[in-house]
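Written out below as structure tokens is the structure these notes cover.
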Amino acid sequence: MSTPRFLTLPPNVRRTYVETSRGRFAALEGMPGSGVAEHCPALLVPGYTGSKEDFLAVLQTLANAGRRRVVAVDMRGQYESPGCDDPSLYSRAALGEDIAALAEALGPDPVHLVGHSFGGLVTREAVLAGRVPLTSYTLMSSGPAGLQDGPSAAKARALMEAIPQLGMDRIWSLTLEPDARSRGLAPEIVDFLKARTLGNCELGLRTMAAELLSAPDRVDELAKQAEEDGLPILVLYGEDDDVWDPREQAAMAERLDAAKVVIPGAAHSPAVEAPETTAGALTDFWNAAERRRRCGSPS
């Protein structure tokens, strides 16, 4: 999971909720500090076991570039967003519908959409459904398909299987808390990780793990749609990503005919590990996309 390095809200960043046609979603919102906010809004979607706080370190920088709104959300059942007892609402397609509703709520301007890790697989569903008004789309540390093997896939399977037997309280105390403390994290960060872990809907975690492991490769579909729509796409990842192989992400960028940015000194969470470099890359890409697709024009 991504581990924020601080929790204090920067200036012009606030906690809020976004009301949509599909429910209420917890959010962090960055707002421009001064001047005219003339750039399109942005919607940032975290990965599996992540939360809106994974983007905390980039929100102020992104908003200060003159963007009307920069909103990072908890997906359904994540941390502070309400969950539900219907497993079908945690499928990639259903979560993608949630993202479309969030984008609509941030309108009327089209948004810059960013999906991190599993959030990339979810946002891809929203893009392919054709219901999200977009200025650009960024896949951050995400891959062409679900995780098939490797340590991250093993962890997702283990968590999916352990939740019915142990529950998240015991999983936290037996494995996650000792790991957090062994990393020498500050007490307030450990407290946050505990609150986030126990705040997640257990049904959502199990279902989303299955979705993360089983997602098919839909890159060719996305490439076709992006070409038809003239949608700018960015593939951004850390040079040391240990979830999806960087070579796999580079190949995905080629298949998408997308821009590519490799973040030095970062692994799977560039917004946490190299926030200024990541925010700068996103801002440059977004501004270039707006020059191609004027803010306020239909997607």
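Not one N or O on the side chain of Gln60 forms a donor-acceptor pair closer than 3.5 Å with the backbone of Gly30. Side chain of Thr207 to main chain of Gly204: no donor-acceptor pair is present (N/O by atom type, distance under 3.5 Å, no hydrogens or angles). A donor-acceptor contact shorter than 3.5 Å links the side chain of Glu202 to the backbone of Met168. Distance alone, capped at 3.5 Å, is enough to place a donor-acceptor pair between the Asp74 side chain and the Glu80 backbone. Under the 3.5 Å distance criterion, the side-chain polar atoms of Asn64 are left unmatched by any main-chain donor or acceptor of Pro32. In this structure, the side chain of Thr283 does not engage the main chain of Leu62 through any donor-acceptor pair within 3.5 Å. Remark: the backbone N or O of Pro275 is not paired with any side-chain donor or acceptor of Thr278 at under 3.5 angstrom.
Using a 4.0 Å cut-off between charged side-chain N and carboxylate O, Arg181 and Glu177 make a salt bridge. Ion pairing between a basic and an acidic side chain is recognised when a charged N comes within 4.0 Å of a carboxylate O; Glu53 and Arg15 show such pairing. Contact check on Lys260 versus Glu254 returns no salt bridge, with no Lys/Arg side-chain nitrogen under 4.0 Å from an Asp/Glu carboxylate oxygen. In summary, Arg76 and Glu97 do not engage in a salt bridge, as defined by a charged side-chain N under 4.0 Å from a carboxylate O.
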> When you look at Leu234 and Leu282, which way does the side chain to side chain contact (heavy atoms under 4.5 Å, CB included) test go after all the steps?
Replying inline: CA-CA 9 Å; Leu234 170 65; Leu282 288 173; 4.2 Å; yes
>> One pair to check against side chain to side chain contact (heavy atoms under 4.5 Å, CB included): Leu59 and Val71. What are the steps and the verdict?
In response: CA-CA 8 Å; Leu59 287 174; Val71 176; over 6 Å; no
>> Could you go through Glu211 and Ser91, starting from their C-alpha distance and side-chain angles, then the distance that decides it, and tell me whether this counts as side chain to side chain contact (heavy atoms under 4.5 Å, CB included)?
In response: CA-CA 6 Å; Glu211 294 287 299; Ser91 68; 3.9 Å; yes
> Could you go step by step and tell me if Leu185 and Leu193 meet the side chain to side chain contact (heavy atoms under 4.5 Å, CB included) rule?
Replying inline: CA-CA 10 Å; Leu185 300 176; Leu193 293 177; 3.7 Å; yes
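Considering CE of Met140 and CD of Gln249, their distance stands at 11.0 Å, rounded to 0.5 Å. Distance check, rounded to the nearest 0.5 Å: OG1 of Thr138 to CG of Leu43 gives 11.5 Å. Here the CD-CD distance, from Glu290 to Glu38, works out to 8.5 Å after rounding to the nearest 0.5 Å. Atom CG of Leu166 sits about 11.5 Å away from atom CD of Glu161, to the nearest 0.5 Å. Rounded to the nearest 0.5 Å, atoms OH (Tyr90) and CG (Leu205) are 8.5 Å apart. Once rounded to the nearest 0.5 Å, the distance linking CD1 of Ile171 with CD1 of Ile163 reads 5.0 Å.
Glu104 and Ser21 get closest at one heavy-atom pair: OE1-OG, 4.5 Å. For Ala209 against Met160, the heavy-atom pair with the smallest separation is CB-CB, 3.9 Å. Considering all non-hydrogen atoms of both residues, Thr135 and Pro232 come closest at O-CD, 3.4 Å. Residue Val190 comes nearest to Ala180 through the heavy atom pair CG2-CB, 4.4 Å, listed as atom of the first residue, atom of the second, then distance. The minimum heavy-atom distance between Ile263 and Leu236, with the atom names listed, is CG1-CD2, 3.8 Å. The shortest heavy-atom contact between Asn287 and Arg67 is OD1-NH2, 3.0 Å.
Counting heavy atoms from C-beta on, the side chains of Arg92 and Arg124 never come closer than 4.5 Å. Looking at Gln78 and Ser51, their side chains never come closer than 4.5 Å, going by heavy atoms from C-beta outward. For the pair Phe118/Thr49, no side-chain contact is recorded, criterion being any heavy-atom separation below 4.5 Å from C-beta on. No side-chain heavy atom of Asp229 sits under 4.5 Å from any side-chain heavy atom of Leu134. Looking at heavy atoms from C-beta onward, Val45 lies out of side-chain contact with Leu102 at the 4.5 angstrom threshold. Taking 4.5 Å as the limit, every side-chain heavy atom of Val272 sits out of range of all side-chain heavy atoms of Thr3. Side-chain contact between Ser152 and Tyr48 is absent, with no heavy atoms from C-beta onward closer than 4.5 Å. For the pair Leu231 and Val127, the minimum side-chain heavy-atom distance is below 4.5 Å.
Here side chain to side chain donor-acceptor pair (under 3.5 Å) pairs that include residues 262-277, with residues two or more places apart or in two chains, are Ser2-Ser269, Thr61-Glu276, Ser117-His268, Asp241-His268. The side chain to side chain donor-acceptor pair (under 3.5 Å) pairs that include a residue from residues 139-149 number zero, where partners must be two or more places apart or lie in different chains.
Note on Leu44 and Leu121: separate hydrophobic clusters, where clusters join Ile, Leu, Val, Met, Phe, Trp and Tyr whose side-chain heavy atoms are under 4.5 Å apart, directly or indirectly. Grouping the Ile, Leu, Val, Met, Phe, Trp and Tyr side chains by contacts below 4.5 angstrom, directly or via other members, places Met75 with Leu147. Follow the hydrophobic side-chain contacts under 4.5 Å out from Trp286 and you never reach Val132; the two are in separate clusters. Leu9 and Phe25 fall into different hydrophobic clusters, where Ile, Leu, Val, Met, Phe, Trp and Tyr residues are linked whenever their side-chain heavy atoms come under 4.5 Å apart, directly or through other members. Both Ile189 and Leu198 are members of a single hydrophobic cluster when ILVMFWY side chains are connected at heavy-atom separations under 4.5 Å.
Under the salt bridge (Lys or Arg N to Asp or Glu O under 4.0 Å) criterion, Asp245 pairs with Arg247, not counting sequence neighbours. Partners of Glu248 according to the salt bridge (Lys or Arg N to Asp or Glu O under 4.0 Å) rule, which considers only residues two or more places apart in sequence or in another chain, do not exist here. Listed by chain and number, the residues in a side chain to side chain donor-acceptor pair (under 3.5 Å) with Arg5 amount to none (sequence neighbours excluded). Take Asp220 and apply the salt bridge (Lys or Arg N to Asp or Glu O under 4.0 Å) test, not counting sequence neighbours, and it matches Arg255.
The number of heavy atoms from other shown groups lying within 6.0 Å of CG (Asp257) does not exceed 12. Other residues, nucleotides and ligands contribute more than 12 heavy atoms inside 6.0 Å of the CD atom of Gln225. Heavy-atom neighbours of Glu188 CD from other residues, nucleotides or ligands within 6.0 Å: above the threshold of 12.
A donor atom on one side chain and an acceptor atom on the other are found under 3.5 Å apart for Ser136 and His112.
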